[in-house]
Amino acid sequence: MGKILNGKELAKLRADKLKETVKILKNDGIQPLFCVINIGDNPASKLYVRTKKRQAERIGIEEKIYQLPNDETEEDVINLIKKLNADPKVYGVMVQLPAPEQINVNHLMETIDPAKDVDGLTPSNMGRLWQGDHFVEPATPSGIIAMFDHYGIELAGKDAVIVGRSNIVGKPLAALMQERNATVSLLHTKTQNPEYYLKNADIVVSAAGQANLITADKIKEGAVVVDVGINHVNGKLVGDVAFDEVKEKASWITPVPGGVGPLTVESLMEQVVKLTRRANGR
Ligand code: NAD
């Protein structure tokens with residue numbers, strides 16, 4: 001039976017350490033502060049923004065939320081980002097995604113100062129990620145790598161499959177895993193014969209957003225299985241992995257909830273502190 005990759009526990013461990021670092025900064029008069037811009041009233045986004053704020057408060061980080069109406073223009077959001085870029089008290093700026101359709105997210109990402117890019121999604125930081133010269137990383141992939149490190153899961157020489165190629169999870173995670181010398185296949189809805197890749201994979205990361213996508217018959221005996229998916233089925237929060245059956249075949253597995261989610265939030269906090277320290281020459 002697979003052992004549990006306990007994201008909740010690891011996130012707490014890392015947060016306790018981070019709290020100490022923040023205490024030292026605050027003693028020296030430096031207050032880590034980041035701003036989250038949320039456009040519209042997507043209930044999931046509002047929940048994520050609140051979850052981040054709670055975690056930030058626990059660590060001693062200040063999070064300022066800019067809640068904008070659903071019909072906000074792209075120009076106004078860009079002007080707000082520029083204002084925050086110019087504010088020396090602000091160390092991090094991020095936009096909660098998704099954004100309403102009148103807004104081109106790429107234009108927002110191009111506007112965020114790369115030195116304040118807590119989410120690691122600006123073109124220059126994404127480019128640096130692929131060049132192997134990065135300072136910030138998108139939060140979910142960063143949390144997953146921290147989890148591999150903590151549990152001693154070796155990536156070098158392993159065949160890894162990531163299901164889902166979004167800019168926030170699949171693509172940056174592929175960059176980070178190949179940097180650790182894994183051989184990475186990035187699967188998506190147009191992939192022919194996904195079973196072929198899955199059955200040969202030593203490590204499977206699913207970030208598709210489809211319940212029961214990864215079943216026991218699809219994976220290799222002893223595979224490491226990481227479930228990024230968040231799905232609501234009959235009022236219950238589940239991932240992409242059929243946990244009960246897959247855990248019998250996997251060597252390691254993340255639960256949902258309590259796996260990747262808490263590490264994502266914690267990794268974001270790590271990046272706020274990283275950028276705060278760098279901006280203050282620490
Ligand atoms: P997305 O929703 O933008 O895109 C989904 C991706 O999965 C696409 O690339 C699509 O091609 C692929 N895909 C969908 N169904 C597939 C299938 N049947 N076979 C192969 N590929 C398939 O991606 P996202 O924003 O990365 O989100 C993915 C999931 O992860 C969602 O459930 C989201 O809620 C969740 N998520 C969780 C966290 C966390 O912290 N736990 C963070 C980010 C996203």
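Bear in mind that the values here come from a model prediction, so they are computed numbers and not experimental data. Atoms within each ligand, like the ligands themselves, are counted from 1 in listed order.
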Option passing side chain to side chain contact (heavy atoms under 4.5 Å, CB included) with Asn125 (candidates Val136, Ile112, Asp119): Val136

Minimum side-chain heavy-atom gap Val77-Ile103 below 4.5 Å: yes

Heavy-atom gap Gly261 to ligand 1 smaller than 4.0 Å: yes

Nearest-neighbour protein heavy atom for atom 26 (O) of ligand 1, which is reported as residue plus atom name and distance: Ser166 OG, 2.6 Å

Protein contact of atom 18 (N) of ligand 1 - nearest heavy atom, named by residue and atom, plus distance: Gln210 OE1, 2.9 Å

Those atoms of ligand 1 less than 4.0 Å from some heavy atom in Val163: 20 (C), 21 (N)

Test item: protein heavy atom less than 4.0 Å from atom 2 (O) of ligand 1: no

Short N or O distance, Asp240 and ligand 1, threshold 3.5 Å exclusive: no

Sub-4.0 Å heavy-atom approach of Thr191 to ligand 1: no

Polar side-chain atom of Ser166 near backbone of Val169 as donor-acceptor pair, under 3.5 Å: yes

Atom 31 (C) of ligand 1 [closest protein heavy-atom partner, distance rounded to 0.1 Å]: Gly209 CA, 3.8 Å

Heavy-atom nearest neighbour in the protein, as seen from atom 43 (C) of ligand 1, with distance rounded to 0.1 Å: Val169 CG2, 3.7 Å

Heavy-atom nearest neighbour in the protein, as seen from atom 9 (O) of ligand 1, with distance rounded to 0.1 Å: Arg165 N, 2.9 Å

Carboxylate-amine/guanidinium contact Arg14 Glu266, below 4.0 Å: yes

Ring-face cation contact, Phe135 with Arg278, 6.0 Å cut, 45° max: yes

Ligand 1 versus Val265: contacting region, heavy-atom distance under 4.0 Å: neither

Side-chain donor-acceptor pair present, Asp117, Thr122, cut-off under 3.5 Å: yes

Pi-cation contact, Phe34 with Lys116 (under 6.0 Å, within 45°): no

Distance filter under 4.0 Å to Val228 heavy atoms, resulting ligand 1 atoms: 30 (O), 35 (C), 36 (N), 37 (C), 38 (C), 41 (N)

Heteroatom proximity flag, Ile230 to ligand 1, N/O under 3.5 Å: yes

Enumerated ligand 1 atoms positioned under 4.0 Å from heavy atoms of Gly229: 30 (O), 32 (O)

Residue pair Gln131 / Arg128, side-chain donor-acceptor N/O under 3.5 Å: no

Shortest non-hydrogen contact from Gly259 toward Pro262: O-CD, 3.3 Å

Which residue and heavy atom of the protein sit nearest atom 40 (O) of ligand 1, plus the separation: Thr264 OG1, 2.9 Å

Minimum heavy-atom distance Pro141-Ile168, with the two atoms named: CD-O, 3.4 Å

Numbering as shown, the atoms of ligand 1 that approach Leu213 to under 4.0 Å (heavy-atom distance): 18 (N)

Lys/Arg-Asp/Glu bridge criterion (N-O < 4.0 Å) met for Lys12, Glu9: no

Nearest neighbour in protein (non-hydrogen) for atom 25 (O) of ligand 1: Ile168 CD1, 3.6 Å

Electrostatic pair Lys220-Asp159, nearest N-O below 4.0 angstrom: no

Closest protein heavy atom (residue, atom, distance) for atom 22 (C) of ligand 1: Thr189 CG2, 3.6 Å

Winner among Ala208, Gly143, Gly164, Ala44 once heavy atoms are compared against atom 5 (C) of ligand 1: Ala208

Proximity flag Ala207 to ligand 1, non-hydrogen atoms under 4.0 Å: yes

